[in-house]
Amino acid sequence: MSTYVYDFAEGGRDMVGLLGNKGANLAEMTRMGLPVPPGFTVTTEACRVFLASGEPPTELRDQIRDHLAVLERGAGRRLGQADDPLLVSVRSGASVSMPGMMETVLDVGLNDYSVLGLGKTHERERFAWDSYRRLVQMYGTTVMGVDGSLFEASLTGVKEQHHAPDDSTLDVPDLIRITESFKDLILERTGRAFPQDPAEQLWGAVLAVFASWNGERARLYRRRERIADDLGTAVTVQRMVFGNLGPDSGSGVAFTRDPATGRPGVYGDYLPSAQGEDVVSGVRNTVPLQELATLDPTSFTQLHEHMAALETHYRDLCDIEFTIEGGRLWMLQTRVGKRTAQAAFGIASQLADEGVITIRQALGRVDGAGLAQLMFPRFDTTGTDTVIARGIPASPGAAVGAVVFDSAEAVRRAGAGEKVVLVRNETTADDLPGMVAAQAVLTSHGGKTSHAAVVARGMGKVCVCGAEGVVVDGRTRCFTAGRLTVPEGTVVSVDGSRGLVLRGAVPMVDSELVHYFDRGGRLPDDPAAQEAVLPVHRILQEADAARRLEVRANADTPQDAARARRFGAQGIGLCRTEHMFLGDRRPLVEAMILAEGAADRDAALGALLPLQRADFTGILKAMDGLPVTIRLLDPPLHEFLPDRTELAVRTARQEALGAAPDPRDTALLAAVNRMHEENPMLGLRGVRLGLVVPGLVAMQVRAVAEAVVTRSRAGGDPRAEIMVPLVDTVEELRLVKQEVDRVLTAVSTETGVALECPVGTMIELPRAALTAGRIAEEARFFSFGTNDLTQTTWGFSRDDVEAAFFSAYLDKGVFPVSPFETIDREGVGRLVRIAVAEGRAARPGLQIGVCGEHGGDPSSVHFFHDVGLDYVSCSPFRVPVARLEAGRAALETSGREAVDHAGGRAVPAGRVR
Ligand code: ADP
Ligand code: MG
Ligand code: MG
């Protein structure tokens with residue numbers, strides 16, 4: 001027979017999965033000898049049986065009855081006993097905390113008789129009827145399914161009749177009448193009477209708590225917090241204690257440290273003459289916990305002691321619920337408390353200072369998401385701000401600027417020193433200069449992985465996207481949001497953490513942390529700034545010591561490279577060359593595309609060569625001594641040509657006016673038409689481009705090689721690597737490599753400088769992953785391009801699916817998180833595993849990294865650690881996050897190995913440095 005019920009004395013916090021957070025921690029406090037009203041917990045397993053079959057386990061009723069008997073014996077009273085009733089609360093609690101999401105029923109055991117026993121003295125009469133009234137109401141809604149608003153309506157009716165402004169002014173006859181009307185309401189609505197039998201009440205409440213697992217509120221919360229739907233809740237049955245017995249009673253909540261800053265001390269709220277639920281429901285204003293010191297010094301001192309004991313015991317910040325009944329303190333709940341990101345780092349490092357945990361354990365108490373949050377400037381949220389529009393919080397942080405509606409205007413104003421916010425329906429590669437110039441990007445279309453969102457996150461720039469209320473009118477140069485019209489130049493504030501656009505310039509606070517990283521990890525002198533930065537500094541150092549994965553950055557300019565290096569990057573994992581083809585170099589690229597013969601083309605390429613060489617020289621200098629992986633040109637060439645429709649309209653208009661269209665326009669239009677592709681993502685791009693456009697690869701490789709020579713002659717230590725994009729088959733790579741080798745040899749001969757530039761490939765197509773063993777014959781290194789690999793594995797293009805149906809897919813639970821955000825381990829991850837295994841089998845010691853956006857995503861970093869990659873590469877801004885998560889991943893592995901070891905399996909303890 002299974003055990004479905006545990007007394008508090010039989011449980012402990014290690015049983016969280018079975019007893020839920022609340023039940024396990026009540027048991028733990030009982031064990032520690034803290035004053036906890038006695039009780040027992042029905043397991044989550046019983047709930048799971050109920051959820052699966054619609055029926056509770058058959059033995060449950062008897063087990064509850066037995067445990068209730070023990071509780072009654074201990075109290076010397078029986079549940080609902082007429083003269084002096086024992087009352088219980090029936091509380092929900094899953095293994096992960098879901099505060100306020102499921103139901104709890106208080107005062108179970110009251111009926112028409114026991115209410116008299118509870119109120120046997122005159123002073124307690126009102127309290128007894130108020131409790132009964134609450135039970136009938138709570139039970140009626142939670143257990144019997146009566147619409148809660150009907151009770152509220154009936155209560156308001158009585159209050160109005162009696163000119164009573166709130167519940168506390170109702171007298172005993174009022175309360176009796178209300179209770180009776182509530183009971184009538186239940187009978188009328190359900191055809192069943194409110195149960196008078198206490199045992200039946202208890203049973204009904206237990207089943208109702210089970211059922212509340214699938215309540216709408218709870219389901220929504222789980223989806224948002226990514227909590228599994230099949231965990232189920234435990235049910236805790238506990239003797240009631242009363243905080244509403246008079247002035248020497250009350251209820252409160254408290255934290256062992258300030259959950260906002262992490263500073264030690266006791267923080268909380270107290271409400272005299274109140275039950276616990278009144279504290280959170282806000283029916284009356286609470287007083288700061290400190291005042292309890294004067295109201296009830298004995299209880300206050302005890303509370304202090306208990307909280308100190310809890311923090312020492314849990315070795316972490318705890319939050320608690322307590323109630324004082326007639327001057328006696330009772331502990332009703334504790335859990336390791338939620339906290340802000342700042343507090344998480346602060347607390348972890350303080351606890352390490354205090355010797356409560358090790359600094360290595362402190363690393364396990366923080367995470368990359370929190371670190372990322374701390375790196376963005378934020379708005380001072382103490383003011384009252386007017387929200388203009390709401391959208392998706394795509395890239396966190398806070399920014400203020402004047403709205404502009406195109407890239408050129410953004411660049412112009414920014415050049416003049418103005419701060420701007422770029423507002424577009426959506427962005428394309430053409431908007432890049434504007435995005436760089438802007439403080440924030442706001443779009444009306446697109447989701448979290450739209451172009452705007454991805455690029456903004458990559459640049460660490462604030463972005464709110466999909467703000468559907470915003471209608472951009474580029475012609476009149478304004479946008480409307482509801483009835484509001486916002487002309488160009490209007491100053492707005494964009495809150496990328498909350499997805500809000502606010503009117504005017506909301507004051508901001510800078511992130512100390514970014515200054516710290518920009519100083520290359522040197523601590524600030526100012527003590528206040530140091531307090532904010534030091535915890536991160538210490539924990540990050542520990543992460544660096546623990547991690548096996550190297551962290552590189554995706555950077556295309558010397559500035560980005562330098563910044564990445566200051567942020568701790570150990571090289572560049574992806575240097576894209578396409579940005580180097582934009583801006584004022586565009587005519588050169590056009591000339592190359594339009595070239596009629598070899599001579600024309602060579603001239604165009606020849607003009608590009610010195611520009612590229614200068615770019616590479618700068619980057620190699622910024623990353624001197626560290627690897628720089630340069631990717632050959634990837635996007636389809638028409639991305640560098642003007643828009644097809646625009647061109648067509650322009651030439652047609654000139655023709656209509658009787659003028660001869662500009663011959664350059666005609667040539668461009670012909671080229672654009674020739675190169676038009678239905679699916680550019682699957683068209684002529686990547687290595688394919690290199691194999692069909694003569695001279696392109698040679699020019700790029702020559703630029704790299706000559707940059708290496710320049711740097712070597714300058715006494716530097718350039719370490720360029722050449723990476724070939726979008727390879728499907730080893731043949732493609734072999735052909736490109738021949739070309740590369742030819743150029744390297746030529747440059748080497750011309751200059752007399754020996755060149756050593758490893759050639760490797762991106763693995764970003766399923767075919768490449770599946771034939772990785774063959775490809776490794778030619779590749780010195782692999783780098784997973786997980787963005788394209790995700791697109792091609794799933795068969796959808798990010799730009800198209802994001803806005804179209806991703807939100808529906810997330811809602812329906814097709815995937816719990818976008819595969820562009822966190823790597824899809826099952827599918828894309830499987831390809832990664834195959835390629836790693838077969839690549840290394842063919843070429844032992846093959847260098848393998850990842851340069852897709854996933855390289856900076858915490859969960860994905862753990863995966864890449866687990867599959868044995870050598871490095872992750874991400875945007876400079878994400879480098880600290882990746883360092884931290886790589887350290888945490890190593891910690892988890894060593895933890896797992898230690899556990900396996902303890903289990904007696906011969907596992908080497910820790911590959912961790
Ligand atoms: P939640 O998870 O929503 O906080 P709880 O189960 O903690 O729900 O209960 C709601 C309120 O009732 C809390 O304020 C709690 O302290 C109070 N409460 C629960 N059980 C008892 C009890 N046995 N005696 C007095 N108050 C209780
Ligand atoms: Mg609670
Ligand atoms: Mg790619």
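Computation of the quantities below employed the complete heavy-atom set of this structure, encompassing side-chain atoms and omitting hydrogens, waters and symmetry-equivalent molecules. Both ligands and their constituent atoms are indexed starting at 1 by order of listing. Every value quoted in this text rests on a predicted model; they were computed, and no experiment measured them.
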*Below 4.5 Å, heavy atoms only, C-beta onward: do R91 and L26 meet side chain to side chain?*
yes

*Indicate yes or no: does an N/O atom of S92 lie under 3.5 Å from an N/O atom of ligand 1?*
no

*asked:* Using a 6.0 Å cut-off, check whether atom CD of E188 has over 12 heavy atoms from anything other than its own residue.
replied: yes

*Indicate whether any N or O donor in one side chain lies under 3.5 Å from an N or O acceptor in the other, for T256 and E311.*
yes

*For the Mg ion (ligand 2), find the closest N/O/S atom belonging to E321 and write down its atom name.*
OE2

_Check contact between K22 and ligand 1, using heavy atoms of the residue and a distance below 4.0 angstrom._
yes

*Please determine if D229 and R222 form a salt bridge, counting it only when a charged side-chain N lies under 4.0 Å from a carboxylate O.*
yes

*State plainly whether the residues D316 and R365 are in salt-bridge range, i.e. N to O under 4.0 Å.*
yes

*asked:* Strictly under 2.8 Å, is the Mg ion (ligand 2) approached by any N, O or S atom of T104?
replied: no

*Would you kindly specify which portion of T323 sits under 4.0 Å from ligand 1, judged on non-hydrogen atoms: side chain, backbone, both or neither?*
neither

_N/O separation below 3.5 Å, L332 to ligand 1_ = no

*If you measure from each non-hydrogen atom of Q333 to ligand 1, which part falls under 4.0 Å: side chain, backbone, both or neither?*
side chain

_Between CD on residue Q238 and CG on residue L71, distance to nearest 0.5 Å_ = 9.0 Å

